[in-house]
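Residue indices begin at 1 and follow the sequence shown. Counting starts at 1 for both ligands and their atoms, in listed order.
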Amino acid sequence: MKIRIVADSSSDITSMENIDFAIAPLTISTDEESFIDNPQLDVREMQNYLASYKGRSFTACPNIANWLDCFEGADIIYVVTMTSKLSGTYNAAVRAAEIFKEGNPNAEIYVFDTLSTGPEAKMLVEKIAEYVNSGKDFKTVCTLAKLYLNGTKLFFALESFHNLVQNGRMNKSVAYLAEKLGIRVLARASEEGTIETIKKCRGERQLVQSFVECVMNAGYKGGKLYISHCDNEGLAIKISDVIKESYKNAKIAVYSARGLCSYYAKKGGLILGMESE
Ligand code: X90
């Protein structure tokens, strides 16, 4: 029995230890250049190119064939995708899973719609790996993983919502607020898997404070908390430090976002995923 986890590249994972893992990359393109969000992608180089590029840019989700490639050769497959409300990633994975089952009737495959992305997806993948490695069967892993996903949350703050608006993932009026100098909009992944704005923050100090308030109000108890950033490690660490003042044993990790999240979050963007109780 070959057990595998497959996630799309918005999960920011490039490899996993102790479990068979495959990544289905999204692509980021302009009319002239295309970047595949695989572990080899040089994210900074892509960002520099896009910053100097004058035309439009867009993304594409993995297609059914891409997903099928990731499933090939496995018997039990857990698939983790970004929110189905903002991308076709989940639907393509579900269709691929149906096709895979037709060819491999004994295979077991489940597709999780995280209704989120980035750190929250990464935490789900890690939890599934934990369940699998502790010997739990397919059904139990699926049930427990769904429960786990109900208890994780995602918050984010971006300096620019340009790429989200340009690609029709978000309402323009909110984005306009964020484009004003010195204002950052704090937002979250809603229960439905859409972008929900929480508040406007003036300056860094207020932003750090608001992030910490969100985390506390969302029922954080000192568990796993991941902050991915797009070229903004300093601010991510500041938030982490303040949280650690109240939660001494908090399991916090700070890391750079991969291609897809970096493209949408843009330079300066921060995305925080956390476990609540
Ligand atoms: O082309 C595609 O199918 C990909 C579309 C992706 C759209 C949204 C990506 C968001 C990335 C920004 C902050 C987190 C938003 C969370 C929303 C639930 C990162």
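A salt bridge does not link Asp113 to Lys85: none of the charged nitrogens lies less than 4.0 Å from a carboxylate oxygen.
Leu86 is linked by a side chain to side chain contact (heavy atoms under 4.5 Å, CB included) to Thr83, Arg169, Ile195, counting only residues two or more places apart in sequence or in another chain.
The side-chain heavy atoms of Tyr131 and Thr140, taken from C-beta on, include no pair separated by under 4.5 Å. Contact of the Glu98 side chain with the Ile64 side chain is not registered, since no non-hydrogen atoms from C-beta on lie closer than 4.5 Å. Counting only heavy atoms from C-beta outward, the side chains of Thr14 and Ile23 never approach each other to under 4.5 Å.
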List, for ligand 1, each N/O atom that has a protein N/O partner under 3.5 Å away, with both atom names and the distance.
| from | atom 1 | to | atom 2 | distance (Å) |
| --- | --- | --- | --- | --- |
| ligand 1 | 1 (O) | Thr59 | O | 3.3 |
| ligand 1 | 1 (O) | Thr59 | OG1 | 2.5 |
| ligand 1 | 3 (O) | Ser87 | OG | 2.7 |

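Aromatic ring centres of Tyr90 and Phe112 lie farther apart than the 6.0 Å criterion allows.
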